[in-house]
K.L.:
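Starting off with a structure, shown below.
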Amino acid sequence: MPNRGALFKVQQGGHTLYLFGTIHVGARNFYPLEPRLSGLLKKAPVLALEIDPLGDPQKLARAVQQHGLNPKGITLTPDWRQRLDRLLQQYRIEPETVATMKPWLLASLLTVSEFAAQGYEASLAVDAHLSKQAHASGKKIVELESAESQMALFDTMTAAEQLLFLQEAIAGIEDKEQANQAREIADAWRHADTKALEALALKAEMDDTYSGRFVQNVLLEGRNPALADGMVKLMARENNSVAAIGILHLFGKMSVPELLRKRGLTVERIY
């Protein structure tokens, strides 16, 4: 089986951790994953994920309730409302189901729907695949974050910023930028294409749209120090664990591997 994503070996104080890059959508032909990674997962005492997609669904529901819903709904100009309605129809989403979503949550739903239209399903996500294997073998799963902490980040946007975030998502889908991005990241992950992944990270760093800045500064670089902290703590307790987080956290100047190196850990790229 070919290599997928990216794999790093991290060492400190006689302990080792393997760091694997995932994407939060998937396709059937992503699997099975290559034997070396499967072997590491079998031997690992712990699988660390951003959050466990197969964890407590009530926690997720509470986080959505707290940070993703607004009974007043979204106020859009007639032009943007028409453009939104067109996409909802395209993805066969009933307008009533999204009526109370905050703009950021609706933007996320549209993005996931566009990935699905390109053949990449959230139900086949790489982290969900790893979680399923870990649960089946009775392996311990550690969450490096929580649904609440992830969604709270989106809630730091003002109402006007959230509206802009949604409008940029709609425009990105309409001009096929979102479709191209879905294909680029899935292809780079599927082939463990380091050059393509580095180019995607650089493109993300250079994106000067509001949503591009938010994704880079808040959702990627803003979370990387805490993700690195969680891995350092896990390494102190366990040996040969596997941590699997979104692939874009592993590339760029402020990536998790770079932060771990700066703390004096030995970080080696396997592929």
Side-chain angles (χ1 to χ4, degrees), residues 5-24 37 40-41 43-56 59-60 62-63 66-67 104 108 125-128 130-131 134-135 139-157 189 194 197-198 200-202 204-205 213-271:
L7 183 64
F8 292 80
K9 183 179 185 179
V10 184
Q11 292 176 296
Q12 186 183 49
H15 278 200
T16 298
L17 174 134
Y18 294 93
L19 176 55
F20 181 63
T22 68
I23 52 176
H24 304 316
L37 178 65
L40 292 173
L41 284 162
K43 280 188 275 187
V46 170
L47 170 65
L49 299 168
E50 292 170 29
I51 59 171
D52 182 1
L54 304 182
D56 182 356
K59 273 189 196 169
L60 181 60
R62 280 196 298 271
Q66 187 178 351
H67 297 291
W104 76 260
S108 304
V126 180
D127 32 8
L130 296 175
S131 171
H135 280 286
K139 193 175 300 298
K140 185 180 176 187
I141 295 178
V142 165
E143 293 185 311
L144 297 168
E145 300 179 302
S146 67
E148 201 280 330
S149 70
Q150 287 186 349
M151 290 190 191
L153 294 172
F154 290 96
D155 226 3
T156 59
M157 287 187 271
W189 184 89
T194 299
L197 289 163
E198 281 170 350
L200 281 165
L202 186 61
E205 282 173 19
R213 294 291 81 227
F214 181 80
V215 168
Q216 186 64 28
N217 296 336
V218 180
L219 300 187
L220 291 173
E221 290 178 6
R223 288 163 57 208
N224 285 347
L227 289 169
D229 275 347
M231 288 173 206
V232 170
K233 285 173 187 160
L234 176 60
M235 278 183 78
R237 299 193 308 267
E238 304 281 358
N239 193 21
N240 294 321
S241 290
V242 172
I245 62 173
I247 189 103
L248 291 181
H249 291 283
L250 307 189
F251 289 86
K253 294 192 283 277
M254 302 292 289
S255 68
V256 170
E258 285 306 315
L259 292 177
L260 292 171
R261 280 191 189 104
K262 281 175 186 164
R263 293 180 189 202
L265 284 77
T266 304
V267 182
E268 170 200 342
R269 183 199 295 280
I270 297 175
Y271 57 75

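In what follows, residues are counted from 1 in the order of the sequence shown. Keep in mind that what you see is a predicted model, and the values were worked out from it rather than measured.
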K.L.:
Which heavy atom of Asn224 sits nearest a heavy atom of Val256, and at what distance?
P.N.:
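In this case the closest contact between Asn224 and Val256 is OD1-CG2, 3.6 Å.
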K.L.:
Hey, what do you get for CG (Leu248) to CG (Leu220), rounding to the nearest 0.5 Å?
P.N.:
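Leu248 atom CG to Leu220 atom CG measures 6.0 Å (nearest 0.5 Å).
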K.L.:
Show the nearest heavy-atom pair for residues Ala147 and Leu60, with the distance to one decimal.
P.N.:
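Distance-wise, the nearest heavy atoms are CB-CD1, 4.0 Å.
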K.L.:
Can you find a heavy atom in the side chain of Arg223 that is under 4.5 Å from one in the side chain of His249?
P.N.:
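Touching, per the 4.5 Å side-chain cut-off.
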K.L.:
Quick check: do Phe20 and Leu130 have side-chain heavy atoms less than 4.5 Å from each other?
P.N.:
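Answer yes - side chains close enough.
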K.L.:
Please list all pairs meeting side-chain hydrogen bond (donor to acceptor under 3.5 Å, both in side chains) that have one or both residues in residues 226-243, counting only residues at least two apart or in different chains.
P.N.:
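Non-adjacent pairs meeting side-chain hydrogen bond (donor to acceptor under 3.5 Å, both in side chains): Asp229-Arg263.
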K.L.:
Taking side chain as C-beta onward, heavy atoms only, is Glu205 less than 4.5 Å from Gln216?
P.N.:
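Yes. Closest side-chain heavy atoms under 4.5 Å.
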K.L.:
Provide the closest heavy-atom pair for Leu47 versus Ala244 in the form atom of the first, atom of the second, distance.
P.N.:
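Closest approach of Leu47 to Ala244, heavy atoms only: CD1-CB, 4.4 Å.
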K.L.:
Could you list the residues that satisfy side-chain hydrogen bond (donor to acceptor under 3.5 Å, both in side chains) with Glu148, not counting sequence neighbours?
P.N.:
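So Glu148 forms a side-chain hydrogen bond (donor to acceptor under 3.5 Å, both in side chains) with His67.
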K.L.:
Any chance you could measure Asp155, atom CG, to Gln66, atom CD, to the nearest 0.5 Å?
P.N.:
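It comes to 8.0 Å.
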K.L.:
Taking the six-membered ring for Trp, are Phe251 and Phe8 parallel (under 30°), tilted (30 to 60°) or perpendicular (over 60°)?
P.N.:
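Because their plane-to-plane angle is over 60°, the rings of Phe251 and Phe8 count as perpendicular.
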K.L.:
Determine whether Trp104 and Thr156 satisfy the following criterion, side chain to side chain contact (heavy atoms under 4.5 Å, CB included), listing intermediate values before the conclusion.
P.N.:
CA-CA 11 Å; Trp104 76 260; Thr156 59; over 6 Å; no
K.L.:
If only atom types and distance count, is the side chain of Trp189 paired as donor or acceptor with the main-chain N or O of Gly21 below 3.5 Å?
P.N.:
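Here the side-chain-to-backbone pair exists.
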K.L.:
Output yes when a side-chain donor or acceptor of Lys139 lies under 3.5 Å from a complementary backbone atom of Leu41, and no otherwise.
P.N.:
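Looks like yes, one N/O pair under 3.5 Å.
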K.L.:
Any chance you could measure Leu250, atom CG, to Glu198, atom CD, to the nearest 0.5 Å?
P.N.:
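That separation rounds to 11.5 Å.
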K.L.:
When rounded to the nearest 0.5 angstrom, what is the spacing between CD1 in Ile51 and OG in Ser131?
P.N.:
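Reported to 0.5 Å precision, the distance equals 10.0 Å.
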K.L.:
Between atom CG of Leu153 and atom CD of Glu145, what is the distance when rounded to the nearest 0.5 Å?
P.N.:
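Separation between the atoms: 7.5 Å.
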K.L.:
Considering all heavy atoms of both residues, which atom of Val242 and which atom of Leu40 are nearest to each other, and what is their separation?
P.N.:
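Smallest heavy-atom distance, with atoms named: CG2-O, 3.9 Å.
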K.L.:
Should the heavy atoms of other residues, nucleotides or ligands under 6.0 Å from NZ of Lys262 be counted, would the total exceed 12?
P.N.:
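Enclosed.
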K.L.:
Write down the atom of Leu19, the atom of Pro257, and the distance for their closest heavy-atom approach.
P.N.:
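Heavy atoms only, the tightest pair is CD2-CG, 4.2 Å.
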K.L.:
Kindly compute the distance separating CG (Leu234) from CG (Leu17), expressed to the nearest 0.5 Å.
P.N.:
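Between Leu234 CG and Leu17 CG, I get 6.0 Å after rounding to 0.5 Å.
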K.L.:
Using side-chain heavy atoms (C-beta onward) and a distance below 4.5 Å, is Leu265 in contact with Met235?
P.N.:
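Answer yes - side chains close enough.
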K.L.:
How close do Leu49 and Asp52 get, heavy atom to heavy atom, and via which atoms?
P.N.:
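Heavy atoms of Leu49 and Asp52 come nearest at CD1-CA, 4.1 Å.
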